[in-house]
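As the structure is a prediction and not an experimental result, all values here were calculated from the model. Below, each value reflects all heavy atoms present in this structure, side chains not excepted, and no hydrogens, waters or symmetry copies. The sequence lines fix the lettering, A, B, ..., with proteins before strands; numbering per chain opens at 1.
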Number of protein chains: 2
Amino acid sequence: MQDIFHPDIKDISLTNVFSALSDPMRLRIVVQLGSMDEEYTCAELQPDGITKSTISHHFKVLRESGIIRTRLEGTRRFVSLRKQDLEARFPGLLTMIFALQSSNEDKGE
Amino acid sequence: MQDIFHPDIKDISLTNVFSALSDPMRLRIVVQLGSMDEEYTCAELQPDGITKSTISHHFKVLRESGIIRTRLEGTRRFVSLRKQDLEARFPGLLTMIFALQSSNEDKGE
DNA sequence: ATTAATGTTCAACAAAATTCGAACAATAGA
DNA sequence: TCTATTGTTCGAATTTTGTTGAACATTAAT
């Protein structure tokens, strides 16, 4: 039932990462995950007015593309950015994304 | 008829750029455009087995997302990377992409 | 054993993206 | 004025993506 598949570093593809980050909601999640070195539950990152199944779908996309890691603990799932892996695979990508956090980018436009 | 719309630098959005680059064919075009400081005609960048209408569509996506610039000359159109604009807007993005050119990324996987 | 909490999965739908061929537009050249 | 060249645009078909509610699974707590 629970696959919780995480691709190996070498299998993280740039096109898949770009595809995952092309959705405003997912990009915002990544920015939020990067803003603090902590884990979040899925519910904590769920925007208002968005259903559980929707956010679950986005986490799956982010996880299968190699951007986040999911850890089970009881009934909850903690997600975190694969910072080191992404930096090793695509140096500078996260840095560039976080730099835009201060400007006016990640709100879908 | 001919719009040839190019978004202003400030209107280039990261999600749109990621979306444009999430397609393997378009990413390959960008890599090829970046490998030389030259302009290409659309036909020169057309992969084997791909129709004109398809490649025309991809150039439109790249242009409207702010990644390339199109210049008319006679019946041909020369396309080039908006290197400076992209570097100003998303510092390090192109550098990161071109670094992968040497590795084994940009072939769809 | 119930009940609650946290997410996933499934079926369904709507919207968007990809691809193609045919038709068209604009220019260059004979 | 024809004709060739280069590329766009317009449907249409197919595929992918985003979203939701209902049902389910798993664990925790009572």
Side-chain angles (χ1 to χ4, degrees), chain A residues 1-6 13 15-30 33 38-65 67-80 106-109, chain B residues 1-6 13 15-30 32-33 38-65 67-80 107-109:
Chain A
M1 189 57 51
Q2 59 216 22
D3 312 46
I4 314 199
F5 164 75
H6 294 94
S13 94
T15 49
N16 283 349
V17 167
F18 281 159
S19 178
L21 297 179
S22 69
D23 182 276
M25 193 186 303
R26 290 194 294 259
L27 182 60
R28 203 176 39 70
I29 288 173
V30 168
L33 282 174
E38 292 182 3
E39 292 177 315
Y40 287 83
T41 64
C42 296
E44 286 173 333
L45 293 165
Q46 184 175 342
D48 289 349
I50 300 298
T51 65
K52 284 189 302 180
S53 48
T54 296
I55 200 71
S56 180
H57 161 69
H58 287 304
F59 280 122
K60 186 179 184 182
V61 172
L62 287 170
R63 176 174 51 78
E64 293 184 342
S65 67
I67 296 175
I68 67 173
R69 182 170 279 115
T70 301
R71 182 176 65 82
L72 268 81
E73 186 175 311
T75 131
R76 290 174 298 177
R77 289 164 184 233
F78 288 92
V79 294
S80 57
D106 50 280
K107 31 180 177 298
E109 245 298 312
Chain B
M1 189 56 51
Q2 57 216 23
D3 310 48
I4 314 201
F5 164 74
H6 293 94
S13 94
T15 50
N16 283 349
V17 167
F18 280 160
S19 178
L21 297 178
S22 70
D23 182 276
M25 193 186 304
R26 290 195 292 258
L27 182 60
R28 204 175 39 68
I29 289 173
V30 167
Q32 186 165 352
L33 282 174
E38 293 181 4
E39 293 176 314
Y40 287 83
T41 63
C42 297
E44 286 174 333
L45 293 164
Q46 184 174 342
D48 289 348
I50 301 298
T51 65
K52 286 188 302 179
S53 49
T54 297
I55 200 70
S56 179
H57 161 70
H58 287 305
F59 280 122
K60 185 179 183 181
V61 171
L62 287 171
R63 177 173 50 80
E64 294 185 341
S65 68
I67 296 175
I68 67 173
R69 182 170 280 116
T70 301
R71 182 176 65 82
L72 267 82
E73 186 175 310
T75 130
R76 290 173 299 178
R77 287 162 185 236
F78 288 91
V79 296
S80 57
K107 32 180 177 297
E109 244 299 311

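Contact detail for Gln46(B) and Thr51(B): the closest heavy-atom pair is NE2-C, 3.5 Å. Residues Ser19(B) and Arg26(B) share a closest heavy-atom pair of O-NH2, 3.4 Å. Closest approach of Ile67(B) to Ala20(B), counting heavy atoms only: CD1-CB, 3.7 Å. Pairing each heavy atom of Thr70(A) with each of Ile4(A), the nearest pair is O-CG2, 3.9 Å.
Counting to the nearest Å, the C1' atom of dG7(C) and the CG atom of Leu45(A) are 13 Å from each other. In this structure, the CD1 atom of Ile50(B) is 15 Å from the P atom of dT8(D), given to the nearest Å. Remark: P of dT27(D) and CZ of Phe78(A) are 15 Å apart, rounded to the nearest angstrom. Distance NZ (Lys52(A)) to C1' (dT26(D)): 13 Å, rounded to an integer number of Å. Between Arg71(B) atom CZ and dT6(D) atom C1' the separation is 14 Å, expressed in whole Å. Remark: C1' of dA17(C) and CG of Asn16(B) are 14 Å apart, rounded to the nearest angstrom. Whole-Å rounding puts the Leu72(B) CG to dA28(C) P distance at 10 Å. Per the geometry, CD belonging to Glu39(B) stands 12 Å off P belonging to dG7(D), to the nearest Å.
Atom CD1 of Ile55(B) is separated from atom CD of Glu44(B) by 12.0 Å, given to the nearest 0.5 angstrom.
Arg76(A) is not listed as a side-chain neighbour of Cys42(A), based on a closest heavy-atom distance of 4.5 Å or more. The closest side-chain heavy-atom distance from Pro47(B) to Met25(B) is below 4.5 Å. Two residues are said to be in side-chain contact when any heavy atoms from C-beta on lie closer than 4.5 Å; Phe18(A) and Leu27(B) meet this criterion.
Comparing dT19(C), dG7(C), dT8(D) against the side chain of Met25(B) picks out dT19(C) as the nearest. Nearest nucleotide to the Cys42(B) side chain, out of dG7(C), dG7(D), dC20(C): dG7(D). For Asp23(B), whose side chain is taken as the heavy atoms from C-beta onward, the closest listed nucleotide among dT18(C), dC20(C), dT6(C) is dT18(C). Picking from dT27(D), dT20(D), dT6(D) the nucleotide with the shortest atom distance to the side chain of Thr75(A) gives dT27(D).
Two residues, Gly49(A) and Tyr40(B), neighbour DNA chain D, and the one matched to the more 5' nucleotide by heavy-atom proximity is Tyr40(B).
Interface residues of residues 54-63 of chain A facing DNA chain D, ordered by number: Thr54(A), His57(A), His58(A); criterion, heavy-atom separation under 4.0 Å.
In terms of polar N and O atoms assigned as donor or acceptor, the side chain of Ser53(A) comes within less than 3.5 Å of the base of dG21(D) in a complementary pairing.
Here Arg76(A) does not reach the OP1 or OP2 of dG7(C): none of its side-chain N or O atoms lies under 4.0 Å away. Listed pair Arg77(A) / dT26(D) fails the phosphate criterion, with no side-chain N or O lying under 4.0 Å from OP1 or OP2.
Taking the screw axis at each terminus of the helix from dA1(C)-dT30(D) to dA30(C)-dT1(D) from five consecutive base pairs, the angle between the two is 10° to within rounding of 10 degrees.
Listed by chain and residue number, nothing satisfies the ring pair (Phe, Tyr, Trp, His ring centres under 6.0 Å) test with Phe59(B) (two or more places apart in sequence, or in another chain).
Judged by distance alone, the side chain of Ser65(A) and the main-chain N or O of Val61(A) form a donor-acceptor pair under 3.5 Å.
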